[in-house]
Amino acid sequence: MGIAFKSRVQSTKILDPKTGYEEKTLTLETRWDPLTGRTSRVLDLPIKKLDALNMEEMLKRCGDVFCPFCPDVLEQVTPRFADDLIAGGRLRFGEACVLPNRLPFDRYCAVVVLTRRHYCPLADFTEEQLFNGFSIARSFLRRLVEVDPAARFFSINWNYLPMSGGSIIHPHLQIIGGDLPTHYQGEMIEGGRSYRQQGGNIFWDDLLTTEADLGERYLGALGNTAWLTSYAPLGFADIMAVVRERTSIIDLTDQDLGDLARGLLKVFQYFQDFNHYSFNLGLYSGEYGGDDSFWVNARIVTRRLLPPVGASDVSYFEKLHRESIGYKKPERLCEEMKAYF
Ligand SMILES: [Zn+2]
């Protein structure tokens, strides 16, 4: 069947005041995600590096807000799980601590506080902190499937800093699990199944082979995990990681989690050098106990406030049209990022 990278380029004309109202042609490209068919619009603006932000200002604005995840208060103010789910109420590994989310986004909804430090700049995250955080999240999910066979769909997510929707500065992952996938997770699972049924191959296997051959978006591999820029981006910079032959987060080995942590640190290094301060991350799992047509994968999408008024980078497109805007071609992003892998 093969991977189809469908796209359509269109142009529009304006009379440009910057050049005495001469006619100027602007182009945009619509891309269809090769798995889900969801469309993204790529404008490819001539932006190399974003403006630096004053993070001290951001921290000052958030300075007086009480933080429940700081180590001196965490034990007293955060919820605990019932002992029949998690003996002792919370899970700990190194600096990482798993506790219930107060907001019930799913049947099981947990937070992984990643560090003892309240604000951790991207430059300061260590492989050990990331490994421990994802590892304890995997332990939590392993416990879920032990106690509740109906919990078959999970993901581990991260809103890093308020620009991405994170309401608490203190670095934390969010785990959701239950008997329903999220919309996009469901689309990926169904897309992978029908790809397998139609051609006999695994979409993710074909995707990685095709992307590695093309080399336009392929960043490299760390162990079993391949890193690439997403063909149909969900934001300014959209980076994807795919773990070969693992259908569920529960199946990830320590080696896989270490590779994932090392890859993330490379992405963070790129983010620092190109002034990306905030991101959303989703690490998706296929249906637990389902078939082998899904491979665990992650998407990391940068987020920022737009100058000059600090507008949200999510607009009517994402909210009301379910379509994303990319401002840089994934191929150009790949060129910039390749040196980091
Ligand atoms: Zn804190």
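As a basis for the values below, the full set of heavy atoms in this structure was taken, side chains included, without hydrogen atoms, waters or symmetry mates. Not measured: the values here are computed from a predicted model. Whatever order the structure lists them in is the order used to number ligands and atoms, beginning at 1.
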Engineer: Work out how many protein N, O or S atoms lie closer to the Zn ion (ligand 1) than 2.8 Å.
Structural biologist: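 Of the protein's nitrogen, oxygen and sulfur atoms, 4 lie under 2.8 Å from the Zn ion (ligand 1).
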Engineer: Is the shortest side-chain N to carboxylate O distance from Arg246 to Asp256 below 4.0 Å?
Structural biologist: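 So Arg246 pairs with Asp256 through a salt bridge.
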Engineer: Pick from Asp238, Asn157, Asn159: which one makes a side chain to side chain donor-acceptor pair (under 3.5 Å) with Asn280?
Structural biologist: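 With Asn280 as partner, side chain to side chain donor-acceptor pair (under 3.5 Å) holds for just one option, Asn159.
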Engineer: Check the side chains of Arg90 and Thr78 for a donor-acceptor pair under 3.5 angstrom, ignoring hydrogens and angles.
Structural biologist: yes
Engineer: Looking at Asp44 and Lys328, is any side-chain nitrogen of the basic one under 4.0 Å from a carboxylate oxygen of the acidic one?
Structural biologist: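 Salt bridge: no.
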Engineer: Applying ring-ring contact (aromatic ring centres under 6.0 Å, His included), which residue pairs with at least one partner in residues 236-264 are found, sequence neighbours left out?
Structural biologist: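 Those involving residues 236-264 are Phe236-His276.
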Engineer: Less than 4.0 angstrom from a charged side-chain N to a carboxylate O is my criterion; do Arg152 and Asp106 meet it?
Structural biologist: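 The answer is no: the pair does not qualify as a salt bridge.
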